[in-house]
Structures are given as structure tokens and as C-alpha cells.
Amino acid sequence: MATKDEIVAAAKDVGKMIADTEEVKFFEKAEAKIHENKEVREKMASLRSLQQQAVNFQSYGKTRAYELAQEKIDALEKELDDMPIVQQFIDAQENVNDILQMVSHAISSSVTYEVIERTGGDHLEGETGAGMKNKASKDVE
């Protein structure tokens with residue numbers, strides 16, 4: 001039986017493997033380009049400032065000022081999204097997230113499979129043995 005510490009150690013090993021993938025390497029390069037790009041940095045700083053203003057306007061009940069700030073935020077976000085360098089970064093981020101989701105799904109599926117297998121359950125039904133026994137006893141009643 002595995003201990004929690006062993007599981008965490010194995011997870012850290014998987015994390016190191018993921019960090020060594022082409023997707024993560026590309027993400028690191030895309031992130032560096034984002035931080036090196038003066039236009040992106042300036043737009044991001046403006047965006048953060050506008051977002052803070054919008055929060056303040058909203059908390060003080062200044063609806064019209066909030067709406068105007070939100071329009072500026074939307075326009076600035078679109079400008080950023082339309083920049084190829086930003087799109088590369090977003091794509092790289094999505095690719096890394098896809099890997100993380102695949103790993104999470106693989107772990108979850110493996111655990112489910114093992115539990116169903118060990119309890120004599122039904123893989124097609126996705127039920128553990130205990131669930132099937134309980135279901136069968138209810139059907140008899």
C-alpha cells in the first residue's frame with residue numbers, strides 16, 4: 001500500500017516530467033516574450049489600473065463611471081488578444097493546461113478503475129461491488 005508521502009513524491013516526479021515537455025518549454029519562451037514586450041507591458045499596466053478603477057467605481061455605486069471603465073477594459077483586452085505575441089502565450093498556456101488536465105483525468109480514471117476492480121464492480125456500469133450489491137438488494141425488496 002502506498003503512503004501519502006510516496007504519492008506526493010511520485011506526483012512531484014510527474015511534475016518534473018511535465019516541466020520538461022515541449023509544451024512547457026514553449027510556454028516559458030512565450031511568457032518571456034510577453035514580459036520583454038514594452039507595448040504588452042504598458043497595455044497590461046493600463047488594464048490593471050482600469051480594473052482597479054472599475055472595482056472602486058462599483059463599490060462606490062458610480063454605475064456610469066463603472067460602465068465606462070468596463071468598456072475601456074473590454075477594448076484593451078481585445079487589443080491585447082489581437083496581438084500575435086499574446087495569442088501565442090494564450091495558446092501555450094492552453095497547451096500546458098491540456099497536459100495537466102490529461103494527467104488529472106488519467107489519475108482519476110486509474111483510481112476509479114482500481115476501486116471498481118478491487119470491489120468486484122462493473123466497469124461498464126461504473127459501479128463498485130458495494131454499489132451493485134446495494135442496488136441488487138433494493139431491486140429484490
Side-chain angles (χ1 to χ4, degrees), residues 1-139 141:
M1 183 181 296
T3 67
K4 290 179 187 176
D5 288 342
E6 291 169 333
I7 294 167
V8 170
K12 288 179 180 180
D13 288 342
V14 171
K16 289 176 186 175
M17 291 171 63
I18 292 169
D20 284 338
T21 62
E22 287 301 316
E23 290 84 354
V24 172
K25 300 293 184 201
F26 186 78
F27 170 80
E28 290 169 346
K29 290 175 187 171
E31 183 186 30
K33 286 180 184 177
I34 287 282
H35 289 291
E36 293 165 3
N37 187 296
K38 183 180 178 187
E39 184 181 4
V40 171
R41 283 196 321 267
E42 288 173 352
K43 287 181 187 287
M44 290 300 293
S46 295
L47 184 62
R48 283 190 291 275
S49 175
L50 282 168
Q51 288 169 333
Q52 185 59 50
Q53 288 176 23
V55 168
N56 290 338
F57 290 145
Q58 189 175 33
S59 66
Y60 291 120
K62 298 187 177 198
T63 307
R64 184 64 187 139
Y66 169 77
E67 290 169 355
L68 289 172
Q70 198 59 50
E71 287 174 15
K72 289 179 184 177
I73 289 169
D74 292 344
L76 196 50
E77 285 177 341
K78 179 162 180 10
E79 285 178 35
L80 280 163
D81 288 344
D82 288 344
M83 296 175 72
I85 190 171
V86 172
Q87 196 55 55
Q88 282 180 341
F89 174 75
I90 291 169
D91 291 346
Q93 198 172 36
E94 288 173 356
N95 290 338
V96 171
N97 284 337
D98 287 347
I99 293 172
L100 295 172
Q101 289 298 318
M102 287 183 341
V103 170
S104 178
H105 180 36
I107 292 169
S108 176
S109 296
S110 295
V111 170
T112 300
Y113 179 88
E114 290 298 322
V115 169
I116 290 171
E117 191 71 17
R118 289 178 192 178
T119 61
D122 184 336
H123 290 287
L124 293 176
E125 292 291 323
E127 291 234 23
T128 64
M132 289 175 53
K133 287 175 191 168
N134 190 34
K135 185 177 178 182
S137 67
K138 283 186 179 179
D139 292 342
E141 292 175 6

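Numbering starts at 1 and runs along the sequence shown.
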Exercise. Give a yes or no on whether the backbone of A106 and the side-chain of S109 come within a donor-acceptor separation of less than 3.5 Å.
Key: no
Quiz item: When rounded to the nearest 0.5 angstrom, what is the spacing between CD1 in I85 and CG in N37?
Solution: 4.5 Å
Self-check item: Minimum heavy-atom distance A54-I73, with the two atoms named
Solution: CB-CD1, 3.9 Å
Quiz item: Excluding sequence neighbours, so at least two apart, what forms salt bridge (Lys or Arg N to Asp or Glu O under 4.0 Å) with E22?
Solution: none
Self-check item: Side-chain heavy atoms of E39 within contact of M83, under 4.5 Å
Solution: yes
Practice problem: State whether the number of non-hydrogen atoms from other residues, nucleotides or ligands found under 6.0 Å of H105 atom NE2 is greater than 12. | Solution: no
Quiz item: With a 4.5 Å heavy-atom cut-off, do E67 and R64 have their side chains touching?
Solution: yes
Quiz prompt | Heavy-atom closest pair, residues M1 and E6 | solution = O-OE1, 4.1 Å
Exercise. May I have the step-by-step check of side-chain contact (heavy atoms from CB on, under 4.5 Å) for E79 and L76, ending in yes or no?
Key: CA-CA 5 Å; E79 285 178 35; L76 196 50; 3.9 Å; yes
Quiz item: Which pair of non-hydrogen atoms, one from N95 and one from E23, has the smallest distance, and what is that distance?
Solution: CB-CG, 4.1 Å
Quiz item: Can you list the residues that meet the salt bridge (Lys or Arg N to Asp or Glu O under 4.0 Å) rule with E36, with sequence neighbours excluded?
Solution: none
Quiz item: Would you say the side-chain atoms of S49 pair up with the backbone N or O of A45, donor to acceptor, closer than 3.5 Å?
Solution: no
Exercise. Find out whether I90 and D81 are in side-chain contact, i.e. whether some heavy atom of one side chain is under 4.5 Å from a heavy atom of the other.
Key: yes
Quiz item: Would a 4.5 Å heavy-atom cut-off, applied to side chains only, mark D20 and K25 as touching?
Solution: yes
Quiz prompt | Minimum heavy-atom distance between F89 and A30, given as atom pair plus value | solution = CA-CB, 3.8 Å
Quiz item: Is any side-chain heavy atom of I116 closer than 4.5 Å to a side-chain heavy atom of D122?
Solution: no
Practice problem: Search all heavy atoms of L80 against all heavy atoms of M44 and return the closest pair with its distance. | Solution: CD1-SD, 3.6 Å
Quiz item: Do E28 and V24 have side chains that get closer than 4.5 Å, going by heavy atoms?
Solution: yes
Quiz prompt | Contact summary for A92 and F27, nearest pair of heavy atoms | solution = CB-CA, 3.7 Å
Practice problem: Could you pull out all residues at least two apart from K16 that satisfy salt bridge (Lys or Arg N to Asp or Glu O under 4.0 Å)? | Solution: none
Practice problem: Show your reasoning for whether salt bridge (charged side-chain N to carboxylate O under 4.0 Å, His left out) applies to D82 and K78. | Solution: CA-CA 6 Å; D82 288 344; K78 179 162 180 10; 2.8 Å; yes
Quiz item: Under 3.5 Å, is there a donor-acceptor pair linking the side chains of N97 and Q93?
Solution: no
Quiz prompt | K43 atom NZ, over 12 foreign heavy atoms within 6.0 Å | solution = yes
